[in-house]
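Residue indices begin at 1 and follow the sequence shown.
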Amino acid sequence: WGLAIIGLVAIVRLLLHPITRQSQISMSKMSKLGPEMERLKKKYGDDKEALNKAMIDFHKQQGLRPYLGCLPMFLQMPIWIALYGVLQTTFELRQAPFLWGFTWIKDLSQPDYLIKFSHSIPLLFGFQMDGFNLLPVFLAVVMFIQSQFMPKPVAATKEQIQQQRMMQWLSPAMFLLFFYNLPSGLNLYIFTSTAVGIIESKIVRDHLKAREEAEKAGRVLVETKPTRGSKRGRNDQPDEPPRGGLAGWLAQRWGKLLQHAENVRQEQERRGKKKA
């Protein structure tokens, strides 16, 4: 059942890849608008209302969508709710361990108690700590790492700079608090999805960086369909796991899936332009 949850993560991330890619493109563009933000700050001075309005208008003119940064996570929230319900009501998931009992997760429908306390410890907002759970800690760590690697929009005011710094710590802390006592199956899904999202974002950013460098050098990257010879060669030679073991092989396969999805999207765009 734990592997089924990870498989669900792979399916959802593939379906959300176009949105994730657009969010990375939009956020990358926003992170490069430093000179324009400085110009707007000098123009409007301490008039924060006019400055915010000018920034919104500028984003619209440039076709930027700041909300895309959080959209992939918001689109997965119905899945989180559905998975929580399944873990609470499905009999087969009761006392179902992760990886046949080789990990500390012994019941996907319950928190992953690494150490069970004899008495509950009260926390903030009425939450209680019944034991030491490791998965929520891992979840908070990967969310903090994700916040460090994500492109950040240029902050026009000191308040926005403080908000960005605060959110880097506040968001992982809130997830740690709210998901601490939830079923380990749900935390496994969110942790895996966040970790895969970090790898996916890096692949997209590297692709965008390579395209920008090629455009600066006067080259144009054109992706073509594989020839018959390359197909025969590919079929004759089975894939060999790269160095790095299973983790390296999974990363390579995930990159190929994302690249295939990107090729299909670009081919559809070219066909649409030809029809127009």
Say whether [X] and [Y] are linked into one hydrophobic cluster, either directly or through other cluster members, by side-chain heavy-atom distances under 4.5 angstrom.
{"X": "M129", "Y": "L182", "value": "yes"}
{"X": "Y113", "Y": "F178", "value": "no"}
{"X": "M174", "Y": "F144", "value": "no"}
{"X": "F98", "Y": "W80", "value": "yes"}
{"X": "L186", "Y": "L75", "value": "yes"}

Any side-chain heavy-atom pair from [X] and [Y] closer than 4.5 angstrom?
{"X": "V86", "Y": "W1", "answer": "no"}
{"X": "M143", "Y": "L176", "answer": "no"}
{"X": "N133", "Y": "P136", "answer": "yes"}
{"X": "I145", "Y": "T194", "answer": "no"}
{"X": "F179", "Y": "F191", "answer": "no"}
{"X": "I121", "Y": "Q128", "answer": "no"}
{"X": "I79", "Y": "L8", "answer": "yes"}
{"X": "I198", "Y": "K202", "answer": "no"}

Quiz prompt | Positive for side-chain contact (heavy atoms from CB on, under 4.5 Å) with V12, one of V9, L16, L15 | solution = L16
For [X] versus [Y], what's the shortest heavy-atom pair and its separation?
{"X": "L188", "Y": "L108", "answer": "CD2-CD2, 4.4 Å"}
{"X": "R13", "Y": "V196", "answer": "CG-CG1, 4.1 Å"}
{"X": "T90", "Y": "E92", "answer": "CG2-OE1, 3.1 Å"}
{"X": "P183", "Y": "L87", "answer": "CB-CD1, 3.7 Å"}
{"X": "Y180", "Y": "P111", "answer": "O-CB, 4.4 Å"}
{"X": "L93", "Y": "D107", "answer": "O-OD1, 3.5 Å"}

Practice problem: Please test Q88 against S109 for side chain to side chain donor-acceptor pair (under 3.5 Å), starting from the C-alpha separation and ending with a verdict. | Solution: CA-CA 6 Å; Q88 294 293 320; S109 65; over 6 Å; no
How many angstroms lie between atom [atom1] of [X] and atom [atom2] of [Y], to the nearest 0.5 angstrom?
{"X": "E200", "Y": "R21", "atom1": "CD", "atom2": "CZ", "value": "11.5 Å"}
{"X": "M166", "Y": "S171", "atom1": "CE", "atom2": "OG", "value": "13.0 Å"}
{"X": "D130", "Y": "S118", "atom1": "CG", "atom2": "OG", "value": "10.5 Å"}

Quiz item: Do other residues, nucleotides or ligands put more than 12 heavy atoms under 6.0 Å from the CE atom of M77?
Solution: yes
Quiz item: How about Y84: does its OH atom have over 12 heavy atoms from other parts shown lying under 6.0 Å from it?
Solution: no
Quiz prompt | Backbone of K106 reached by a side-chain donor or acceptor of D112 within 3.5 Å | solution = no
Self-check item: Check: Q76/S193 side-chain N/O donor and acceptor closer than 3.5 Å
Solution: yes
Practice problem: Any chance you could pull the hydrophobic cluster mates of I81, using side-chain heavy atoms under 4.5 angstrom and chaining through other members? | Solution: none
